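Report on the following structure.
Just so it is clear, the model here is predicted, and its values are computed rather than measured. Each ligand, and each atom within it, is numbered from 1 in the order the structure gives.
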Amino acid sequence: VDSISAVLTRWRNRSRSEAPASPEVLRERLAELSSANRRSRRPARERELLRVRHQLGLALLEDPAPWARFAAPGGAPLPPPPLPEFGPGDLTSETMRAAILRDGCAFVRGLIPRDRATALAEGIEAAFDARDRRGQGAETDAGFYEEFEPDARFGEVPGREWIQAGGGLLAADSPAVAFSMFEAYGQAGLASLVSGYLGEPAVISVHKTTLRRADPSVSGAWHQDGRFMGPVRSLNLWLALSRCGDEAPGLDIVPRRIDDYLATGTDDAPLGWTIADQQARGAAADIGVVRPVFEPGDAIFFDELFLHKTGSSPDMTRPRYAIENWFFAPGGFPPDYAPLAT
Ligand SMILES: O=C(O)CCC(=O)C(=O)O
Ligand SMILES: [Fe+2]
């Protein structure tokens, strides 16, 4: 058996000197590196894993399926509105599609185990710390914060300052947390659930998979993410890693299907791409705005049309940890984003 460093050296040399590897070869590499890293975690391997995920993502984008369709809505009868709540075992691609077409979203209790969620929240705290210490010129914990450099065609990843200002850190900038995140996704069977939903292999991005820490002082603003992503075929997984919605900021949502984009920048809307409170309340109509209480590991899925915002109140006392993870179909991937295979 080759040592991992021999494998890595061969791989690095290979990717420089040969034609791009096929998706099959890259998948195999991903599986090998992941299983080695499960046995003993290594920053160099976690960095390499992100690079291979990026290459595989690029390969998948080369081969979109324009004829692909979302899963047909179906499966078992939906839980009652306004917020259809599933156990992890009873959410399928078909029931998810049915829930999104009826209520705009699907809520899942315990999508990942509580202890994994809590460990991810600790990882986020470590990544934020490593970024702060790096900002002060100090040595940092290897692998908790390293800015990912996508292929040259994408240029520099923009907006890290405002992502930071908004309480976020790109998952691709933390090889260590990214590894734990993908492991949790693997255990939850997410890739096949989401690929089944999209009708194509689910791909995420460097630009829009964000580790979040929301302090009670953050004020949310109503929005639909499709407003700034353009025409996409997407599914967002918003995964709570700490209890929120009561003692810590959660999400305020309008749990109904909205088929188009609401007017932005009117009335008291704080920014050009955001939606005024009275517009959002109007859209919610008799359903009302809902602020679910999430436990660590609970999740909500929704797409680019869904109306939501960070839900905070002045009386909240704790920060909230979460992952905002947008999956895309290769046939509906934002052109400026750098892909990562799931
Ligand atoms: O985490 C938040 O508070 C905002 C999340 C969000 O806007 C999203 O997941 O699209
Ligand atoms: Fe959003």
Side-chain angles (χ1 to χ4, degrees), residues 83 96 100 104-108 111 117 120-121 124-125 127-128 159 162-171 177 181 185 190 194 202 204-230 232-255 258 261-262 264 269-277 279-280 283 289-314 316 318-328 334 337:
L83 188 59
M96 176 125 69
I100 284 183
C105 63
F107 185 87
V108 193
L111 179 71
L120 277 164
I124 292 181
E125 195 55 42
F128 274 52
W162 60 257
I163 291 166
Q164 177 167 6
L169 187 151
L170 297 176
V177 180
M181 179 185 89
Y185 289 3
L190 268 179
V194 179
I204 67 167
S205 70
V206 173
H207 294 65
K208 207 155 164 66
T209 292
T210 309
L211 311 176
R212 295 187 160 281
R213 182 197 142 112
D215 289 308
S217 59
V218 301
S219 60
W222 289 106
H223 64 279
Q224 294 166 291
D225 286 74
R227 259 289 176 203
F228 42 86
M229 293 192 296
V232 293
R233 293 212 308 123
S234 76
L235 182 70
N236 183 24
L237 161 64
W238 191 90
L239 176 60
L241 303 176
S242 62
R243 184 181 167 110
C244 62
D246 50 5
E247 60 188 29
L251 279 187
D252 285 350
I253 62 172
V254 174
I258 296 175
Y261 290 104
L262 304 184
T264 53
L271 295 164
W273 52 270
T274 66
I275 293 162
D277 200 54
Q279 293 264 352
V289 169
V290 175
R291 179 177 289 178
V293 173
F294 294 82
E295 291 288 343
D298 293 350
I300 185 167
F301 289 94
F302 54 82
D303 73 8
E304 70 276 5
L305 289 163
F306 194 60
L307 184 55
H308 61 284
K309 71 179 181 74
T310 304
S312 59
S313 312
M316 290 175 166
R318 298 168 74 92
R320 163 264 272 176
Y321 297 87
I323 296 176
E324 173 186 348
N325 181 113
W326 287 82
F327 293 96
F328 301 97
Y337 289 6

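- A donor-acceptor distance shorter than 3.5 angstrom exists from the side chain of S312 to the backbone of V218, with no hydrogens or angles considered.
- Counting heavy atoms closer than 4.0 Å to ligand 1, residue E304 contributes nothing at all.
- Residue R318 places its CZ atom among 12 or fewer non-hydrogen atoms of other residues, nucleotides or ligands, all under 6.0 Å distant.
- Ligand 1 places these atoms under 4.0 Å from at least one heavy atom of D225: 10 (O).
- Contact check on R233 versus E304 returns no salt bridge, with no Lys/Arg side-chain nitrogen under 4.0 Å from an Asp/Glu carboxylate oxygen.
- Set against the non-hydrogen atoms of N236, the atoms of ligand 1 under 4.0 Å away are 8 (C), 9 (O), 10 (O).
- Around the Fe ion (ligand 2), protein atoms of type N, O or S found under 2.8 Å number 3.
- Counting only distance, with no hydrogens or angles, the side chain of S234 and the backbone of F328 share no donor-acceptor pair below 3.5 Å.
- Residue contacts with ligand 1: H223 is placed with a nitrogen or oxygen under 3.5 Å of a nitrogen or oxygen of the ligand (distance criterion only).
- Assignment of K309 to the shell around ligand 1 is not supported, since no heavy atom sits closer than 4.0 Å.
- The protein heavy atom nearest to atom 3 (O) of ligand 1 is T310 OG1, 2.5 Å.
- Looking only at distances, a side-chain donor or acceptor of R320 sits under 3.5 Å from a matching main-chain atom of G250.
- Contact atoms of ligand 1 toward R212: 1 (O), 2 (C) (distance under 4.0 Å to a heavy atom of the residue).
- Below 30°, between 30° and 60°, or above 60°: for F302 and H308 the angle between ring planes is between 30° and 60°, a tilted geometry.
- Put simply, the side chain of D215 never gets that close to the backbone of S217: no donor and acceptor are under 3.5 Å apart.
- Applying the 4.0 Å criterion to heavy atoms of W326 picks out, from ligand 1, the atoms 10 (O).
- In this structure, F107 and F294 have tilted ring planes: the angle between them lies in the 30° to 60° band.
- Near H308, with a cut-off below 4.0 Å to any heavy atom, the atoms of ligand 1 are 6 (C), 7 (O), 8 (C), 10 (O).
- At least one donor-acceptor pair closer than 3.5 Å links the side chain of N236 to the backbone N or O of N325.
- Residues meeting the salt bridge (Lys or Arg N to Asp or Glu O under 4.0 Å) test with R227, sequence neighbours left out: none.
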